[in-house]
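Reviewing the structure listed below.
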Amino acid sequence: MTRVTDDTRTLLRTCPLCEAVCGLEITLDADDHVIGVRGDREDPFSRGFICPKGASLGHLDEDPDLLTEPMIRDRATDTWRTASWEEAFDLIAERLPALVGAHGRQATALYLGNPNAHTIAGALYLPPLIRALSTRNLYSASTADQMPKQVASGLMFGDPLTVPVPDLDRTDYLLMLGANPLESNGSLCTAPDYPGRLKALRKRGGRFVVVDPRRTRTAKLADEHLFVRPGSDAYLLFGIVHTLFAEGLTAPGVEANGFDEVRTAATAFPPEVVAERTGVPAETIARIARELAAAPTAAVYARIGTCTAEFGTLTQWLVDVINVLTGNLDRPGGAMFATAAALGIVRTRPFRLGRWTSRVRELPEAMGEFPIATLADEIRTPGEGQVRALVTVAGNPVLSAPSGARLGAALAELEFMVSVDRYLNETTRHADVILPPPRTLQSPHYDFALLNFAVHNYARYSRPLQPMGDRPSEAEIVARLALAAAGQQLEPGRDPLESVDELIIAGTLHRAGLLDRRDDLRGADSTEQRIDMMLRLGPYGEWNPAAAEIPDDIAPGGLNLQVLLDNPHGIDLGPLRPRLPGVLRTASKQVELAPPELLADVARLRDRLADPAPGMVLIGRRQLRSNNSWMHNVATLVGGSNTCTLHIHPDDVARLGIDGRAVVKSAAGMLTVPVEPTDEIMPGVVSLPHGWGHTDSAQSVAREHAGVNANTLTDDSLVDAPSGNAVFNGVPVTLTPA
Ligand SMILES: Nc1nc2c(c(=O)[nH]1)N[C@H]1C(S)=C(S)[C@@H](COP(=O)(O)OP(=O)(O)OC[C@H]3O[C@@H](n4cnc5c(=O)[nH]c(N)nc54)[C@H](O)[C@@H]3O)O[C@H]1N2
Ligand SMILES: Nc1nc2c(c(=O)[nH]1)N[C@H]1C(S)=C(S)[C@@H](COP(=O)(O)OP(=O)(O)OC[C@H]3O[C@@H](n4cnc5c(=O)[nH]c(N)nc54)[C@H](O)[C@@H]3O)O[C@H]1N2
Ligand code: SF4
Ligand SMILES: [Mo]
């Protein structure tokens, strides 16, 4: 695994920066500085693929603006000083439990940001923190992202984590809506070298159709691109469903309930009726339906452009309704469920939505979370249960949440705030204490979350490449934060992770009837032993009597941690295999095609069909060299094409008399932005990337390339009804010359 010369070492690691999980080959010099990052050609999944972000991992990890010690803010002067870990945790232990004592549990809130999906701390050590706070005010980037998919999956399959992905490498037809993997490298569809896989699809004679209000790089690679009016994907997909029923093209291959209800619901949305609203001609909608039905195999896939919209959950639901109706759910080449190697959460009861509601707006919880769109309300509205303290872990909601500026103002009103974060930035500047995690290369890596959405079964574990010195790991920070929040002291000489891990190991082995095997678990520490256990009990595991086969030359007796340590490039666990009905957790043990919660929202969709079309609307976009809000401090990644501009059609520029800059107004706010005319966007639509607006950041490079916060314009009063997800696309705006 290690290639060593006199003064360099080459080590292997998974890239943690996006969902593509590329294998990296990282060269360090004698002083442990990164001198090169390349794609790992021997990784069986990513096969050497790398993008500019992965290639910049060294610069990111050695950014001089990264925090290395805890920071404490003096509120009176709004100035920061460094502090010891003891002092930082003591302050938290003094303040948080006291606030809870005075105002109750609901007075604290927790916000978990996107990078938690990429760290072992996020996957394994947040539950004790959540328990220690035991507040209903739990928020995460999920409700600014994929919650609609999880709610739709929860209602259809009984488990919100049971999410089908397009079988990219085998499908004959891919209909993709609201995703741009040539820039994003994919999401809820873990596919390293997504661009290469799309090219391979076309090369083997498959057909690829993209639906997007912009002619993106992905659209240019497709056989066909359809411009769609923002926010209208549910109408488009209902038009397809209508055609499938009307023309007798349904051929479901799985047991499912609710065909009649879906057919009835679709009667309101024939292609001729939805064409105007979607901007897609009726005959095109009907043709796509026929093509999907006729293709030997096909998959419909829809991502962030369709999730962060007013009818996000209906759209995600209809995606899988079509996958079922065309016989493509759970069959090779269709939409399939991955089989990740590590034992996951074993859900025994069907998913339920809205078990409780938020205090101020009475929005339903989903997966135990409230919508991030209502955190500002909970902070600003007085009364019992008002949020007075906030903990953020790896999140920057001032830039990432709807009405971000309003949320920023709310954070300034908190009585106490703690952030676990690498940077002093737009969000963490409101904290009282910042606890910085170590660098990426000092942390171990396993993709507990993302491998559940992989297009090919695969596993890879990476040990830390660099020693951590005397800094605590992020897992330890989170565990100590949980103790402090509960007002408990860390017992001297005690490893805070060990007690957490031992409890979980004992409970899991007990349930498996394997408590006597505790001492057989291998690993350098309790975290690794826990991972060993999850692998041994998982779907390919040594201790799983029903384990799936893996090649004998890799692991004759089944999977465990040692197998992954012996195969540092990762192991190929084979193509996706059918998983129904085994993965279903619905009460009926069938796929539920027509959950009542979703049928209820169809009425809202029908009512809105008659609304007059809005004038100009705003959507977002992603840029290859950005990563949400937090990689603009790497000089090699910013500038050139990676700047914050408003894309607008030249006809709109001429019509509105805009020259260079425009004032953009929405119901929520106003911005002045440089415009970039391009005929790659539909007339009547403008696009602004999110994650910019670094004027209030201590990140020196990012501040030089500040841009504007797109979420000044998005409106937190609007959410997707079933999931509470934020609405970032289809925001009505007006433009005037600046
Ligand atoms: N308008 C608009 N808004 C959007 C979107 C959009 O498309 N349009 N997209 C939404 C989506 S999909 C998402 S996922 C959210 C993201 O929302 P957030 O997760 O709130 O935002 P990020 O920009 O990812 O911020 C990540 C934070 O984690 C810190 N960080 C990075 N690595 C680590 C680590 O290893 N440990 C810790 N503790 N901290 C770390 C960074 O410094 C940064 O402060 O934004 C959403 N916001
Ligand atoms: N380079 C880079 N990669 C990233 C990220 C990043 O910030 N930068 N962020 C990561 C994260 S957190 C996520 S969640 C993923 C997201 O990954 P993707 O889902 O691929 O996200 P985008 O690239 O924003 O593509 C969304 C597309 O939806 C289109 N769109 C907007 N509104 C609508 C609409 O109403 N209907 C339809 N059909 N399309 C619409 C936009 O024009 C855009 O092209 O990317 C991840 N990867
Ligand atoms: S595509 Fe994603 S995982 Fe791969 S190198 Fe780029 S940022 Fe890393
Ligand atoms: Mo995301």
Side-chain angles (χ1 to χ4, degrees), residues 16-20 51-53 60 66-67 111-119 121-122 140-142 144-146 176-189 194 210-214 216-219 226-233 236 302-310 315 372 392-402 404 419-428 435-440 443 474 477-478 617-631 633 642 647 681 685 687-691 699 709-711 713-714 726 728-731:
L17 298 176
C18 89
E19 297 178 45
C51 82
K53 287 188 296 178
L60 183 70
L66 283 178
L67 302 177
Y111 174 79
L112 304 173
N114 168 275
N116 287 302
H118 305 265
T119 63
S140 84
S142 288
D145 187 344
Q146 83 292 348
M176 176 183 285
L177 307 96
N180 185 11
L182 265 82
E183 311 276 357
S184 72
N185 283 297
S187 178
L188 282 189
C189 179
Y194 210 132
V210 168
V211 179
D212 198 301
R214 300 186 305 124
T216 59
R217 282 177 60 212
T218 305
L226 307 175
F227 280 113
V228 68
R229 291 290 304 165
S232 71
D233 299 85
L236 176 71
R303 205 38 197 104
I304 199 86
T306 67
C307 276
T308 53
E310 209 186 329
T315 305
I372 183 59
T392 70
V393 183
N396 192 0
V398 170
L399 296 192
S400 62
S419 293
V420 182
D421 206 285
R422 302 171 164 217
Y423 288 109
L424 174 48
N425 64 17
E426 304 78 8
T427 293
T428 61
L435 306 169
R439 287 178 279 158
T440 294
S443 307
E474 178 147 24
I477 294 170
V478 171
V617 292
L618 173 77
I619 63 170
R621 70 174 184 274
R622 275 176 172 69
Q623 296 158 298
L624 183 65
R625 289 182 293 139
S626 285
N627 201 15
N628 296 328
S629 74
W630 66 278
M631 286 178 59
N633 210 45
N642 202 23
H647 282 185
I681 194 162
V685 182
S687 162
L688 194 60
H690 73 287
Q699 295 167 283
N709 180 358
N711 283 319
L713 298 173
T714 57
F728 296 133
N729 292 322
V731 178

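Both counts, for ligands and for their atoms, begin at 1 and track the order of listing.
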Is [X] in polar range of ligand 2, meaning some N or O pair under 3.5 Å apart?
| X | answer |
| --- | --- |
| Gln623 | yes |
| Asn628 | yes |
| Gly178 | yes |
| Glu183 | yes |
| Leu624 | yes |
| Asn180 | yes |

Options [options], ranked by nearest heavy atom to [atom], top entry:
| atom | options | answer |
| --- | --- | --- |
| atom 39 (N) of ligand 1 | Pro438, Ala394, Pro689 | Ala394 |
| atom 45 (O) of ligand 2 | Ser184, Pro115, Ala117 | Ser184 |
| atom 47 (N) of ligand 1 | Ala144, Ser400, Gly395 | Ser400 |
| atom 34 (C) of ligand 1 | Gln699, Arg303, Arg422, His118 | Arg422 |
| atom 2 (C) of ligand 2 | Ala219, Gly305, Ser626 | Ser626 |
| atom 43 (C) of ligand 1 | Val731, Asn114, Leu435, Asp421 | Asp421 |

Provide the number and element of each atom of ligand 2 under 4.0 Å from a heavy atom of [X].
| X | result |
| --- | --- |
| Val228 | 36 (N), 37 (C), 38 (N) |
| Ile619 | 31 (C), 32 (N), 42 (O) |
| Gly231 | 34 (C), 35 (O) |
| Asp233 | 34 (C), 35 (O), 36 (N), 37 (C), 38 (N) |
| Thr216 | 44 (O) |
| Asn627 | 5 (C), 6 (C), 7 (O), 8 (N), 9 (N) |
| Arg214 | 41 (C), 42 (O), 43 (C), 44 (O) |
| Asn729 | 31 (C), 32 (N) |

Is there any N or O on [X] that sits under 3.5 Å from an N or O of ligand 1?
| X | answer |
| --- | --- |
| Tyr423 | no |
| Val420 | yes |
| Glu474 | yes |
| Thr714 | no |

task: For ligand 1, indicate whether the residue Thr119 contacts it via side chain, backbone, both or neither (heavy-atom separation under 4.0 Å).
output: side chain
- prompt: Should the proximity of Thr308 to ligand 1, defined as any heavy atom under 4.0 Å, be assigned to the side chain, the backbone, both, or neither?
  reply: neither
So do the side chains of [X] and [Y] get within less than 4.5 Å of each other, counting heavy atoms only?
| X | Y | value |
| --- | --- | --- |
| Thr392 | Asp421 | no |
| Val228 | Leu226 | no |
| Cys307 | Asp145 | no |

task: Measure from the side-chain N and O atoms of Ser187 to the backbone N and O of Glu19, and report whether any donor-acceptor pair falls under 3.5 Å.
output: no
Would you say [X] touches ligand 1, if touching means a heavy atom closer than 4.0 Å?
| X | value |
| --- | --- |
| Ile304 | yes |
| Arg621 | no |
| Pro397 | yes |

message: Using the side chain to side chain donor-acceptor pair (under 3.5 Å) definition, which of the options Thr427, Thr428, Asn628 pairs with Asn396?
response: Thr427
- prompt: Going by heavy atoms, is Lys53 under 4.0 Å from ligand 2?
  reply: yes
- prompt: Gly730 near ligand 2, heavy-atom distance under 4.0 Å?
  reply: no
query: Given that the side chain starts at C-beta and the backbone is N, CA, C, O, which of these parts of Asn185 lies under 4.0 Å from ligand 2, counting heavy atoms, or is it both or neither?
result: neither
Heavy-atom nearest neighbour in the protein, as seen from [atom], with distance rounded to 0.1 Å:
| atom | answer |
| --- | --- |
| atom 9 (N) of ligand 1 | Arg622 NH2, 3.1 Å |
| atom 21 (O) of ligand 1 | Asn396 N, 3.6 Å |
| atom 29 (C) of ligand 2 | Asp212 OD2, 3.1 Å |
| atom 6 (C) of ligand 1 | His690 ND1, 3.3 Å |
| atom 23 (O) of ligand 1 | Ser629 OG, 2.5 Å |
| atom 14 (S) of ligand 2 | Asp145 OD2, 3.4 Å |
| atom 3 (N) of ligand 1 | Asn711 ND2, 3.1 Å |

task: Taking all heavy atoms of Thr440 and all of Pro16, pick out the closest pair and write down the distance.
output: CG2-CG, 3.6 Å
